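Input: a single structure, listed below in structure tokens.
The shown structure was predicted, so the numbers you read here are calculated from the model rather than taken from an experiment.
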Amino acid sequence: MSIALTITAAQIRAARQLVRVSQADIAEATGLSVPTIKRAESERDVAISSESISAIRKALEKAGVIFVESNGEGPGVRLKKVKPE
């Protein structure tokens with residue numbers, strides 16, 4: 001299954017808030033720097049490598065985030081269902 005790499009800065013910010021992790025937590029999980037995470041979350045037109053975006057996306061997905069592609073309402077995020085124990 002191929003993962004689309006295109007996610008927005010707003011999706012990254014929202015995803016981080018949903019799973020209650022800091023920029024430093026994502027930096028540690030991905031091996032990227034905090035300034036790189038900040039740039040990825042910035043609405044300014046800054047270049048972030050596709051490898052960095054992929055690493056951020058994978059870390060947030062591992063934490064329980066689902067990235068929702070634009071479906072007429074715009075892109076978004078949601079949490080995975082928690083399976084009852």
Side-chain angles (χ1 to χ4, degrees):
M1 178 172 112
S2 118
I3 295 177
L5 296 178
T6 306
I7 57 175
T8 67
Q11 281 178 295
I12 296 170
R13 289 191 308 271
R16 229 179 15 83
Q17 292 301 311
L18 278 175
V19 292
R20 297 184 175 143
V21 295
S22 69
Q23 290 175 332
D25 294 331
I26 295 301
E28 184 176 328
T30 60
L32 300 170
S33 68
V34 171
T36 298
I37 305 304
K38 288 182 181 191
R39 283 193 308 275
E41 291 186 3
S42 171
E43 293 297 331
R44 294 186 310 260
D45 189 20
V46 293
I48 302 291
S49 73
S50 60
E51 293 83 10
S52 294
I53 295 298
S54 179
I56 293 167
R57 181 178 181 139
K58 287 177 185 176
L60 289 166
E61 287 175 336
K62 185 175 181 183
V65 172
I66 296 172
F67 287 90
V68 180
E69 300 298 326
S70 182
N71 60 3
E73 296 293 325
V77 293
R78 65 184 178 104
L79 292 174
K80 291 180 185 174
K81 284 186 180 180
V82 178
K83 295 179 182 174
E85 295 181 23

Nearest heavy-atom contact between Glu43 and Ala9 is OE2-CB, 3.7 Å
Nearest 0.5 angstrom please: Glu41 CD to Ile12 CD1, how far?
6.5 Å
Nearest heavy-atom approach of Val77 to Ala14 is CG2-CB, 3.7 Å
Electrostatic pair Lys80-Glu61, nearest N-O below 4.0 angstrom:
no
Without hydrogens or angle criteria, can the side chains of Thr36 and Arg39 be said to hold a donor-acceptor pair below 3.5 Å?
yes
Any side-chain heavy-atom pair from Leu32 and Ile37 closer than 4.5 angstrom?
yes
Between Val19 and Ala63 the two heavy atoms that sit nearest each other are CG1-O, 3.4 Å
Note, Asp25 side chain near Ser22 side chain (heavy atom, < 4.5 Å)
yes
Got a second to check how far Arg78's CZ is from Leu18's CG, nearest 0.5 Å?
11.0 Å
Group every Ile, Leu, Val, Met, Phe, Trp and Tyr by side-chain heavy-atom contacts under 4.5 Å, then state whether Val21 and Leu79 land in the same group.
yes
Can you tell me how far OG1 of Thr30 sits from CZ of Arg57, rounded to the nearest 0.5 angstrom?
15.0 Å
How many angstroms lie between atom OG of Ser54 and atom CD1 of Ile7, to the nearest 0.5 angstrom?
8.5 Å
Distance, nearest 0.5 Å, that separates CD of Gln23 from CD of Glu28:
14.0 Å
From Arg16 CZ over to Leu60 CG, what is the distance, rounded to the nearest 0.5 angstrom?
8.5 Å
Tell me if a side-chain donor or acceptor on Gln11 pairs with a main-chain N or O of Val68 at a distance below 3.5 Å.
yes
